[in-house]
There are 2 protein chains.
Amino acid sequence: MRPSKREELVNKALDVFYRGGFHATGMDMIVEETGISKTAIYNHFRTKDDLILAVLRRRDEVFRNWLFKRMSELGASEADQLVAMFDALGEWFREPSFKGCMFIKAVAEFQDPDHPAFKHSVEHKGLIEKYLLGLAQKSKLQHPETLVKRLLILKEGAINAAQFRSIPAPAEEAKETARLLIAA
Amino acid sequence: MRPSKREELVNKALDVFYRGGFHATGMDMIVEETGISKTAIYNHFRTKDDLILAVLRRRDEVFRNWLFKRMSELGASEADQLVAMFDALGEWFREPSFKGCMFIKAVAEFQDPDHPAFKHSVEHKGLIEKYLLGLAQKSKLQHPETLVKRLLILKEGAINAAQFRSIPAPAEEAKETARLLIAA
DNA sequence: AGATAAAAAGACTGATCGGTATTCTTTACT
DNA sequence: AGTAAAGAATACCGATCAGTCTTTTTATCT
């Protein structure tokens, strides 16, 4: 099956870039870690940047699917789901392989706002915002736009604190703050 | 004056690394942008990593001094100063050269928790936490440790949102949330 | 001013970068 | 089975990486 070969490459490259960073990881390392030869890789992707973009697209898809599914499993009402986002994040943080948000890393390494990796990272955050806004509107909470923006700030902050490991339970702290916002 | 030459190198290197990233910026670029020859640079620093560490130390010093000073200028009481942190952050975000937090970038590029750049970044956040905790304790607010952890999450989240430019006024959103936390 | 020492400039090193050309292996069809 | 066509493995390319060595400049002291 041809397409699965490509997907396998993207999935493995995702792991390698996530662990090692984008610039610091050379294509030779991708070859070594995936077991796929350079020719085969460049048969699927024109440049390293193209591969990175495919990786980011895959990460976007996987992460959003996982997060939204987990939120709906952990929360009953729409308002509950918004709060449950932080429980889901907490599960993510506790995974041994957790190394922070790939899109935060991407904008850190590709700082030009016109770079496709930067733009895609902004899009990813935008799609999450859109989804949260839908939930906030369905629930009858006041000022849904404002609420969502503040929840997003809490989410990003919790992810960062988790990566720095400077706060023992960032998801829980963010969750309590989110509760406060929703109750207000 | 000898030491000022070294400081000038560190200050200029800081700019270049901040704009271009750590791995993506080669030493030749540092030479070009600073006008200081490679020999002179390597006379002061044994390796590129050593230079990067000096840059991070300088950034830590400059940023904390600026932030704490600005907080005390913008806030009267200790509790006010905690809230005013977000006004100061807002000023930072509006600087045209703003490109996010250098320490977030550092942990994104040097992911190994044992790497000196990672450790120094954690230290930086720790020093800020310590200062905020001092303020929270002097003010008679309840649960100062918890409050500070949540304020830090808001701070990190606002910085990230500012870098992504996904939220129009992240400092203001974070500030309002902080008010809520302090009032609670 | 001239000798000497310190420092900086820039050519250069092996290694590695992203990417390609050539060789080799595998597959598919008659 | 034999042959052609497709795909992958690897040797290889110029460019650039971090870092050094040699040469030239600059500064100091008499």
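Below, all heavy atoms of this structure are taken into account, side chains as well, without hydrogens, waters or symmetry copies. None of these values were measured; they are calculated from a predicted model. In what follows, chains are A, B, ... by sequence order, proteins preceding strands, each numbered from 1.
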(message) R94(A): which residues meet the salt bridge (Lys or Arg N to Asp or Glu O under 4.0 Å) condition with it, sequence neighbours left out?
(response) E172(A)

(message) Tell me which pairs pass side-chain hydrogen bond (donor to acceptor under 3.5 Å, both in side chains) where either residue lies in residues 23-32 of chain B, with sequence neighbours left out.
(response) H23(B)-E109(B), D28(B)-K38(B)

(request) Take the protein atom CD1 of I41(B) and the nucleotide atom P of dT20(D), then report the distance between them rounded to whole Å. (result) 13 Å

(request) Could you check how far CD1 of I36(B) sits from P of dT25(D), rounded to whole Å? (result) 21 Å

(message) Considering only residues two or more places apart or on different chains, which pairs with a residue in residues 79-90 of chain A satisfy side-chain hydrogen bond (donor to acceptor under 3.5 Å, both in side chains)?
(response) S77(A)-D80(A), D87(A)-K175(A)

(message) Please tell me if S37(B) has a side-chain N or O lying less than 4.0 Å from either OP1 or OP2 of dA9(C).
(response) yes

(message) Pairs counted only when both distances fall under 3.5 Å, Watson-Crick or G-U: show me the 5' to 3' dot-bracket for DNA chain C, [ ] for pseudoknotted crossings and | for other-strand partners.
(response) ||||||||||||||||||||||||||||||

(message) With a 4.0 Å cut-off on N to O distance, would you call R179(B) and E176(B) a salt bridge?
(response) yes

(request) Kindly write out the residues that satisfy side-chain hydrogen bond (donor to acceptor under 3.5 Å, both in side chains) with D112(B), not counting sequence neighbours, or none if the list is empty. (result) none

(message) According to salt bridge (Lys or Arg N to Asp or Glu O under 4.0 Å), does anything in residues 126-142 of chain A pair up with another residue at least two apart or in another chain? List the pairs.
(response) E129(A)-K149(A)

(request) Provide, to the nearest angstrom, the distance between the CG atom belonging to L9(A) and the P atom belonging to dA9(D). (result) 12 Å

(message) Whether E91(B) and R70(B) form a salt bridge (side-chain N of Lys/Arg under 4.0 Å from carboxylate O of Asp/Glu) is what I want to check.
(response) yes

(message) According to salt bridge (Lys or Arg N to Asp or Glu O under 4.0 Å), who are the partners of E173(B), at least two apart in sequence or on a separate chain?
(response) R150(A)

For nucleotides 24-27 of chain C, which of its nitrogen or oxygen atoms have a protein nitrogen or oxygen under 3.5 Å away, and what is each distance?
none

(message) Using the salt bridge (Lys or Arg N to Asp or Glu O under 4.0 Å) criterion, which residues pair with K69(A)? Sequence neighbours excluded.
(response) E73(A)

(request) Send over the distance from F17(B) CZ to dC17(D) P, rounded to a whole Å. (result) 12 Å

(request) Return the set of residues passing salt bridge (Lys or Arg N to Asp or Glu O under 4.0 Å) with R58(B) (not counting sequence neighbours), or none when no residue passes. (result) E61(B)

(request) Write down the distance between CD (E32(B)) and C1' (dA18(D)), rounded to a whole number of angstrom. (result) 16 Å

Please list, pair by pair, any protein nitrogen or oxygen found under 3.5 Å from a nitrogen or oxygen in nucleotides 16-21 of chain C.
| from | atom 1 | to | atom 2 | distance (Å) |
| --- | --- | --- | --- | --- |
| dG18(C) | OP1 | K48(A) | NZ | 2.4 |
| dG18(C) | OP2 | M27(A) | N | 2.7 |
| dG19(C) | OP2 | Y42(A) | OH | 2.9 |
| dG19(C) | OP2 | K48(A) | N | 2.6 |
| dG19(C) | N7 | K38(A) | NZ | 3.0 |
| dG19(C) | O6 | K38(A) | NZ | 2.5 |
| dA21(C) | N6 | T39(A) | OG1 | 3.4 |

(request) Among residues two or more places apart or on two chains, list those pairs meeting ring pair (Phe, Tyr, Trp, His ring centres under 6.0 Å) that have a residue in residues 125-144 of chain B. (result) F68(B)-Y131(B)

